[in-house]
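Keep in mind it's a predicted model, so treat the numbers as computed, not measured.
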Amino acid sequence: MKLLIIRFSSIGDIVLTTPVIRCLKKHFPEAEIHFATKKAYHPVLYGNPYLSKIHLLHNDWPEFAQSFEGCAFDAVIDLHKNLRSKKLLQLIRHNQSKSFDKLNIEKWLLTAFKLNFLPSIHIVDRYLAAAQFLGVRNDNEGLDYFIPADAVVDYNDLPTTHHAGFYALVIGAAHATKRLPTTKLMALVQKIQHPVILLGGKDDAAAGEAIAAVDPFKIYNACGKFSLNESADLIRKSHLVISHDTGLMHVAAALKKPVFSIWGNTVPAFGMTPYYGKYAIPENQYEVSHLSCRPCSKIGYDRCPLGHFNCMEMQAIDGLAADVNNFGKR
């Protein structure tokens, strides 16, 4: 039996598909499970033991299509449901396929008119619903993230001040309206009574330097210094994770870390909160819930459409810091 899962992007969305991969393999132990994604996200799936092959799309569609030569799939599960995934479905040989429900109309009603018709169902369960036609059910084991051995970070690569333990603070996000302003992050780390490692990409390095300058002994700026999987290992080594609504938040949930999630233009009602399955892992959400302009987008913007950015500027940093410090005393 040969099965294919399609999800082209991005980090968090792909991590959220991992229960589908695992549950398919549990249900069909002898099956070959293939996954189609963009080359940039290969590290997310690289170490997954349930996958037989990963098909990578870079810039060359003919080369991508060639990777499916000789493949005839018994079933395809489309967890992206866009023009590219439909094109792939038309290209490959398969007996049956199923796409997940993106709920685009419901999301549009919520962002445009603040009318919430979204079901109270996590996106993981909606992904798994797309596999139910194969008899697959949720095993409630949560998300998976497998860190390759060559991505394990040596403690000697970290400051000695952080060897006894640290908190991870994810300062990045793909869109500015998902990120706390640097000044708010500076205020937050100043109040946290524990060593902190800042995580993010190369684009976050300058902001990380400004934040770390608040207390260079307590705060280590790791932004842009480690690969995705190495950053995941730093999350695994951390005591807890503070994060915006971004990919590393879901990596933290996959690694069963307590998450303090900060929400700006997006809302937990979209069904993409940290997912733990049956595991009772503490998780705290922080949002300015009374704003009539939230959510303004299901993804995000480069700047606040209304100019005030109240969804982040009004975040209660004192309360967040107090919750983090109190958690650390448990």
Side-chain angles (χ1 to χ4, degrees), residues 145 147 151-173 178-201 204-264 273-274 276 279-287 312 314-330:
Y145 200 94
I147 301 170
V152 175
V153 177
D154 193 309
Y155 274 102
N156 290 326
D157 293 330
L158 303 177
T160 55
T161 49
H162 292 61
H163 287 188
F166 58 85
Y167 298 162
L169 172 56
V170 181
I171 69 169
K178 283 187 171 185
R179 301 192 296 262
L180 279 170
T182 301
T183 52
K184 301 286 280 188
L185 289 165
M186 291 168 69
L188 175 61
V189 296
Q190 193 170 32
K191 296 175 185 296
I192 293 176
Q193 301 164 356
H194 203 81
V196 174
I197 287 185
L198 307 178
L199 296 177
D204 304 305
E209 287 301 313
I211 297 164
V214 169
D215 188 337
F217 293 99
K218 184 176 71 174
I219 308 159
Y220 173 59
N221 178 26
C223 297
K225 297 176 182 177
F226 296 91
S227 69
L228 171 59
N229 282 329
E230 288 169 337
S231 296
D233 187 53
L234 291 175
I235 285 175
R236 179 168 61 178
K237 287 177 164 67
S238 71
H239 292 326
L240 60 83
V241 179
I242 308 162
S243 178
H244 302 123
D245 171 22
T246 190
L248 286 180
M249 176 183 76
H250 299 296
V251 173
L255 296 171
K256 308 300 184 284
K257 292 295 174 179
V259 174
F260 293 73
S261 58
I262 305 165
W263 300 78
T273 54
Y276 297 102
Y279 298 96
I281 310 293
E283 192 257 323
N284 298 273
Q285 299 170 4
Y286 299 86
E287 58 178 331
M312 284 303 195
M314 294 178 67
Q315 287 279 351
I317 295 302
D318 287 351
L320 169 56
D323 289 346
V324 169
N325 290 331
N326 290 332
F327 185 88
K329 294 174 183 177
R330 295 180 185 178

Intermediate values then yes/no, side-chain contact (heavy atoms from CB on, under 4.5 Å), Asn229 and Tyr145: CA-CA 9 Å; Asn229 282 329; Tyr145 200 94; 2.6 Å; yes
Thr182 side chain to Ala207 backbone, donor-acceptor under 3.5 Å: no
Shortest non-hydrogen separation from [X] to [Y] and the atoms involved:
X      : Y      : answer
Ala321 : Lys191 : CB-CB, 3.6 Å
Phe226 : Val153 : CE2-CG1, 3.8 Å
Val170 : His244 : O-ND1, 3.5 Å
Ile235 : Ala252 : CG2-CA, 3.7 Å
His239 : Ala164 : NE2-O, 4.1 Å
Ile171 : Asp204 : CD1-O, 3.7 Å

Aromatic plane relationship, His194 with Tyr167 - under 30° parallel, 30 to 60° tilted, over 60° perpendicular: parallel
side-chain contact (heavy atoms from CB on, under 4.5 Å) evaluation trace for Arg179 with Leu185: CA-CA 9 Å; Arg179 301 192 296 262; Leu185 289 165; over 6 Å; no
Test side-chain contact (heavy atoms from CB on, under 4.5 Å) applied to Tyr155 and Lys237, step by step: CA-CA 10 Å; Tyr155 274 102; Lys237 287 177 164 67; 3.6 Å; yes
For [X], give me all partners under side chain to side chain contact (heavy atoms under 4.5 Å, CB included), at least two apart in sequence or on another chain.
X      : result
Glu209 : Asn221, Lys225
Val214 : Met186, Val189, Gln190, Ile219
Ala187 : Ile317
Asn284 : Phe260, Tyr286

Non-hydrogen side-chain atoms of Gln315 and Leu320 separated by less than 4.5 Å: no
Close side-chain approach of Ile211 to Leu188, heavy-atom, < 4.5 Å: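 No; the side chains remain at least 4.5 Å from each other.
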Contacts of Lys178 that satisfy salt bridge (charged side-chain N to carboxylate O under 4.0 Å, His left out) - sequence neighbours left out: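 Testing Lys178 for salt bridge (charged side-chain N to carboxylate O under 4.0 Å, His left out), a comparison that skips the adjacent residues, returns Asp245.
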Which value, rounded to the nearest 0.5 Å, describes the distance between [X] atom [atom1] and [Y] atom [atom2]?
X      : Y      : atom1 : atom2 : value
Leu199 : Thr246 : CG    : OG1   : 11.0 Å
Thr183 : Met312 : OG1   : CE    : 12.0 Å
Leu255 : Leu248 : CG    : CG    : 10.0 Å
Asp323 : Ile192 : CG    : CD1   : 11.0 Å
His163 : Asn156 : NE2   : CG    : 6.0 Å
Lys256 : Ile281 : NZ    : CD1   : 7.5 Å

Pair Ile147-Arg236, side-chain contact (heavy atoms from CB on, under 4.5 Å): steps then yes or no: CA-CA 9 Å; Ile147 301 170; Arg236 179 168 61 178; 3.7 Å; yes
side-chain hydrogen bond (donor to acceptor under 3.5 Å, both in side chains) against Ser261, all qualifying residues, sequence neighbours excluded: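 Testing Ser261 for side-chain hydrogen bond (donor to acceptor under 3.5 Å, both in side chains), a comparison that skips the adjacent residues, returns Trp263, Glu283.
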